[in-house]
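Heavy atoms only: backbone and side chains are in, while hydrogens, waters and symmetry mates are out.
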Amino acid sequence: MTKGGMESVEVFNSEGKGRGLKAQKEFLPGDVIFAEPAYAAVVFDSLTHLICHTCFKRQERLHRCGQCKFAYYCDRTCQRAAWLNHKNECSAIKRHGKAPTENIRLAARIMWKIEREGSGLSEGCLVSIDDLQNHVDSFGEEEKKELRVDMENFLEFWPPQSQQFGMQYISHIFGVISCNGFTLSDQRGLQAVGVGIFPNLCQTNHDCWPNCTVIFNNGNHEAVRSMFHTQMRIELRALTKIAPGDELTVSYVDFLNLSEERRKQLKKQYYFDCTCEHCKKQIKDDLMLAVKEGESKPSAETVKEVVQFSKDTLEKISKARMEGLYHEVVKLCRECLKKQEPVLGDTNIYLLRILSIASEVLSYLQMFEEAAEYAKRMVDGYMKIYHPNNAQLGMAVMRAGVTHWHAGLIEAGHGLICKAYAILLITHGPSHPITKDLEVMRVQTEMELRMFQQNELMYYKMREAALKNQKIQVMPEPSNEAAPSLFHKKE
């Protein structure tokens, strides 16, 4: 069964998993298997005035919709592109007096699309909205209560002149959003900014060690009058060589968790038991629980104490970050590392979590040398755990490279930036804004490295002068959120 633009994949019944997607032809690492525009998508409530409602890019100055005063856009191009989906929403917001929450807005956009096009298969879709799973029967008490509140608010917002849907159907749509809502990020991939429904992507099953990755591409609206104008979309990209007939899989959760933790998370958020090879055989768990070897191997009791101390510290760090107390975060990280270093192995996840936070916060505070030391150790650990073509690994290596460059460690910085570029070419592709930024950095660090190798003293003098003349490129303020997860789930 194939549809427009989806000729290279087929829906099939995957043993024990329900529906899945399989490849119809061979794919190589970095190949785009399919691209899919959102069926419907909305910006998060907290960011509606900071993010374009069409392409989901973060922009300095946005144009506001003159009618509802709620929607914001990069420019007239994005505003025109949005009108079909915003038209009903615009008048409903005016009638209602204010915009409802993101869940209600997304449900309403889905319903208006069904009102326009019907609920059957829309162009390029392998499945209809009606056929997506909603898992409402598996909801716990808390989720059922939230569903009831959402439905009440939806009925208040939904205009009387629009097509009226039954309660069961409305509950199905909210269920679909709850377990199939895909996280949309800004153009730098650093912050989750919205949620969308992509019916074809929903057919891709989970594997903790997948053969594909999903990347959100905000598209290129500036190039409106040229052949380079592209639509906001997700891309399913191959991470390894895939043979015809192979099932296509993505990971719904970050691999950097013990198999037991990943399984718990998958059960809680997506209502299934993971039976992938890595979970069944607990592959890489030994690395994530590594302790120091050799003569000074710590006792089980000591390990337990240090792990508990690490968990407690991570909670304190989280609180301090929420309050913006970054020097306190650094102090907590240093104390924790002092306790961890004699006991935990280089790939232990508690050590890696502290190294990651320490390097990010120290970079923000412009303490680049110490940040670079921690970032290097973090990347060395990640390389042994993650799949070599993992997008999160690529982003972490990129950040470590930039930190080294800021610290004046040009050789290591350039090496890391090249490594990150090689990963991101596969996970994001050459035209993604992040990859393009990285290409610029790669060229710049290569030029600086040549200068450094020719005359070290001259290089440092020129670098000092350049940094005096230009405002130093400050690292973004550390976010307290984890890396955006694949599917958006209200906690």
Side-chain angles (χ1 to χ4, degrees), residues 1-39 120-135 176 179-183 196-217 233-255 259 262-263 266-267 269-281 283 386-392 425-429 485-487:
M1 173 187 184
T2 57
K3 284 270 171 191
M6 301 296 293
E7 304 80 14
S8 49
V9 299
E10 181 186 17
V11 177
F12 78 115
N13 275 323
S14 177
E15 203 185 328
K17 295 182 184 174
R19 277 191 308 241
L21 289 185
K22 67 178 174 185
Q24 293 273 63
K25 56 176 242 191
E26 182 181 81
F27 292 102
L28 298 175
D31 283 351
V32 176
I33 296 166
F34 66 77
E36 180 182 15
Y39 185 87
L121 281 179
S122 53
E123 194 191 343
C125 276
L126 296 169
V127 288
S128 69
I129 286 288
D130 290 2
D131 288 337
L132 292 179
Q133 286 189 307
N134 62 49
H135 290 298
V176 164
C179 49
N180 295 294
F182 177 82
T183 307
I197 295 290
F198 297 84
N200 296 334
L201 174 66
C202 295
Q203 303 314 296
T204 319
N205 283 318
H206 164 85
D207 194 296
C208 291
W209 199 257
N211 55 14
C212 299
T213 190
V214 187
I215 292 300
F216 179 57
N217 193 320
R233 64 200 181 274
I234 56 99
E235 292 170 353
L236 186 73
R237 306 179 70 93
L239 292 179
T240 54
K241 189 175 173 180
I242 297 169
D246 282 359
E247 177 167 11
L248 303 169
T249 56
V250 293
S251 181
Y252 296 178
V253 294
D254 184 6
F255 184 70
S259 55
R262 293 197 304 271
R263 290 177 89 161
L266 290 161
K267 184 74 174 170
Q269 293 192 1
Y270 307 105
Y271 313 102
F272 70 85
D273 296 299
C274 186
T275 56
C276 80
E277 205 65 2
H278 277 67
C279 280
K280 277 196 300 201
K281 296 182 178 170
I283 299 169
Y386 276 120
H387 185 287
N389 291 337
N390 179 290
Q392 274 158 309
L425 274 179
I426 288 169
T427 60
H428 290 62
S485 59
L486 188 62
F487 289 102

request  = In sequence, state the C-alpha distance, the side-chain angles, and the governing distance for T240 and H387, and then conclude on side-chain contact (heavy atoms from CB on, under 4.5 Å).
outcome  = CA-CA 10 Å; T240 54; H387 185 287; 3.4 Å; yes
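- L239 and C212 make their closest contact through CD1-O, 3.6 Å (heavy atoms, listed as atom of the first residue, atom of the second, distance).
- Considering all non-hydrogen atoms of both residues, Y252 and L266 come closest at CB-CD2, 3.9 Å.
- The two residues R19 and N205 come nearest to each other via the heavy atoms O-ND2, 3.0 Å.
- Of all heavy-atom pairs spanning T427 and N389, the tightest one is CG2-O, 3.2 Å.
- Without hydrogens or angle criteria, E36 side chain to L201 main chain gives a donor-acceptor distance under 3.5 Å.
- Between F272 and H206, the angle of the ring planes lies from 30° to 60°, which puts this pair in the tilted group.
- Within the 4.5 Å cutoff, the side chain of E10 has no heavy atoms near those of the L126 side chain.
- In plain terms, the two heavy atoms of L21 and V11 that are nearest each other are CD2-CG2, 3.7 Å.
- The side chain to side chain contact (heavy atoms under 4.5 Å, CB included) test with L236 is passed by exactly one of D31, V214, T213, V32: V214.
- Atoms NZ and SG, from K281 and C276 in turn, are 11.0 Å apart once rounded to the nearest 0.5 Å.
- Counting only heavy atoms from C-beta outward, the side chains of S259 and K280 never approach each other to under 4.5 Å.
- Looking at N180, its side chain does come within 3.5 Å of a backbone N or O of Q133 through a donor-acceptor pair.
- Atom-to-atom distance recorded for H278:NE2 and W209:CH2 is 4.5 Å, nearest 0.5 angstrom.
- Separation of atoms CD1 (I197) and SG (C202) is listed at 6.0 Å; rounding is to 0.5 Å.
- A salt bridge links K267 with D273: the distance from a Lys NZ or Arg NE/NH1/NH2 to an Asp or Glu carboxylate oxygen falls below 4.0 Å.
- H135 and Y271 have tilted rings, their planes meeting at an angle from 30° to 60° on a 0 to 90° scale.
- Looking only at atom types and distance, the side chain of D254 has a donor-acceptor partner in the side chain of Y386 under 3.5 Å away.
- Using cut-offs of 30° and 60° for the angle between ring planes, the F198 and F182 rings count as perpendicular.
- R263 contributes a side-chain N or O that, together with a main-chain N or O of C274, makes up a donor-acceptor pair within less than 3.5 Å.
- Within the 4.5 Å cutoff, the side chain of D246 has no heavy atoms near those of the L248 side chain.
- Judged by distance alone, the side chain of S251 and the main-chain N or O of P210 form no donor-acceptor pair under 3.5 Å.
- Minimum heavy-atom separation, A238 to F27: CB-CB, 4.0 Å.
- Taken from OG1 in T204 to CD1 in I33, the straight-line distance is 8.5 Å, to the nearest 0.5 Å.
- Residues E7 and Q24 form no side-chain contact, since every pair of their non-hydrogen atoms from C-beta on lies 4.5 Å or further apart.
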message = Determine whether F255 and Q392 satisfy the following criterion, side-chain contact (heavy atoms from CB on, under 4.5 Å), listing intermediate values before the conclusion.
response = CA-CA 9 Å; F255 184 70; Q392 274 158 309; over 6 Å; no
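- Within the 4.5 Å cutoff, the side chain of C125 has heavy atoms near those of the N200 side chain.
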